[in-house]
Engineer: 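First, the structure itself, so that you have it in front of you.
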Amino acid sequence: IIDKDKNILWTNKETGIIAETITCHKFIKGQEEFCYNCPAEKTFKTGIKHKALNSHIARDGSQHVFEMHTSPIKDDKGTIVAVLEVVKEV
């Protein structure tokens with residue numbers, strides 16, 4: 001789950017993130033730049049689900065491709081307060 005600044009608010013234990021403040025793009029890509037075609041950004045703007053494929057080159061030179069699906073999380077007034085982002089390496 002990420003906030004509007006792309007900070008990870010919650011993640012499952014398999015990611016290895018325990019109590020660290022980190023952005024989703026820093027975690028996925030290891031860089032400060034937002035992901036190209038960011039589905040979370042689109043979900044925050046439109047309020048609907050989005051998906052995207054993004055790739056990056058890791059520090060060791062290997063290429064990784066991620067499939068990302070996002071869904072809005074809304075408060076009781078219908079305001080988007082966060083986005084659920086599911087990321088899978090393909």
Side-chain angles (χ1 to χ4, degrees):
I1 296 176
I2 59 174
D3 67 14
K4 290 183 180 185
D5 295 323
K6 311 295 185 310
N7 294 307
I8 296 174
L9 303 176
W10 180 88
T11 184
N12 61 25
K13 63 182 177 183
E14 284 77 22
T15 65
I17 299 175
I18 305 296
E20 179 181 353
T21 301
I22 188 170
T23 60
C24 53
H25 49 277
K26 179 80 171 178
F27 177 72
I28 293 169
K29 298 182 351 176
Q31 299 175 356
E32 293 299 327
E33 297 86 26
F34 293 128
C35 295
Y36 172 77
N37 198 27
C38 175
E41 184 67 28
K42 289 180 181 181
T43 295
F44 274 116
K45 287 182 180 178
T46 65
I48 61 174
K49 297 176 183 180
H50 286 277
K51 68 178 180 176
L53 284 176
N54 280 312
S55 64
H56 80 281
I57 307 294
R59 292 182 188 131
D60 66 2
S62 60
Q63 183 170 357
H64 299 268
V65 178
F66 296 96
E67 180 178 78
M68 297 181 274
H69 296 261
T70 57
S71 297
I73 298 173
K74 299 178 181 181
D75 64 14
D76 57 353
K77 296 179 183 176
T79 302
I80 300 171
V81 294
V83 166
L84 172 65
E85 182 174 59
V86 177
V87 180
K88 175 183 172 184
E89 188 167 9
V90 294

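FYI, side chains are in, hydrogens and waters are out, and symmetry mates aren't considered; it's all heavy atoms of this structure. Predicted, not measured: the structure shown is a model, and the values here were computed from it.
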Engineer: Rounded to the nearest 0.5 Å, how far apart are OG1 of T43 and CD of E85?
Structural biologist: 8.5 Å

Engineer: With H64, which residues qualify under side-chain hydrogen bond (donor to acceptor under 3.5 Å, both in side chains), at least two apart?
Structural biologist: S62, E89

Engineer: Applying a strict under-4.5 Å side-chain criterion to I, L, V, M, F, W and Y, I'd like to know whether F44 and I48 cluster together.
Structural biologist: no

Engineer: Do the side chain of T70 and the main chain of V83 share a donor and acceptor less than 3.5 angstrom apart?
Structural biologist: no

Engineer: Show me the pairs that pass salt bridge (charged side-chain N to carboxylate O under 4.0 Å, His left out) and involve residues 69-81, at least two apart or across chains.
Structural biologist: none

Engineer: Quick one: side chain to side chain contact (heavy atoms under 4.5 Å, CB included) partners of L9, sequence neighbours excluded?
Structural biologist: I1, D3, A82

Engineer: Can you tell me how far SG of C38 sits from CE of M68, rounded to the nearest 0.5 angstrom?
Structural biologist: 6.5 Å

Engineer: V90: which other cluster members, linking ILVMFWY side chains closer than 4.5 Å, directly or transitively?
Structural biologist: L53, V65

Engineer: Can you list everything that forms a side-chain hydrogen bond (donor to acceptor under 3.5 Å, both in side chains) with Q63? Sequence neighbours excluded, please.
Structural biologist: none

Engineer: Should I8 and I80 be regarded as members of a common hydrophobic cluster, given that ILVMFWY residues are connected when their side-chain heavy atoms come within less than 4.5 Å of each other, either directly or indirectly?
Structural biologist: yes

Engineer: Determine which pairs satisfy salt bridge (charged side-chain N to carboxylate O under 4.0 Å, His left out) with at least one residue from residues 45-54, sequence neighbours left out, and list them in order.
Structural biologist: E41-K45

Engineer: Report the residues that fulfil side chain to side chain contact (heavy atoms under 4.5 Å, CB included) with N37, sequence neighbours left out, ordered by chain and then residue number.
Structural biologist: K42, A52, N54

Engineer: Just jot down the side-chain hydrogen bond (donor to acceptor under 3.5 Å, both in side chains) partners of S71, sequence neighbours excluded, or say none.
Structural biologist: none

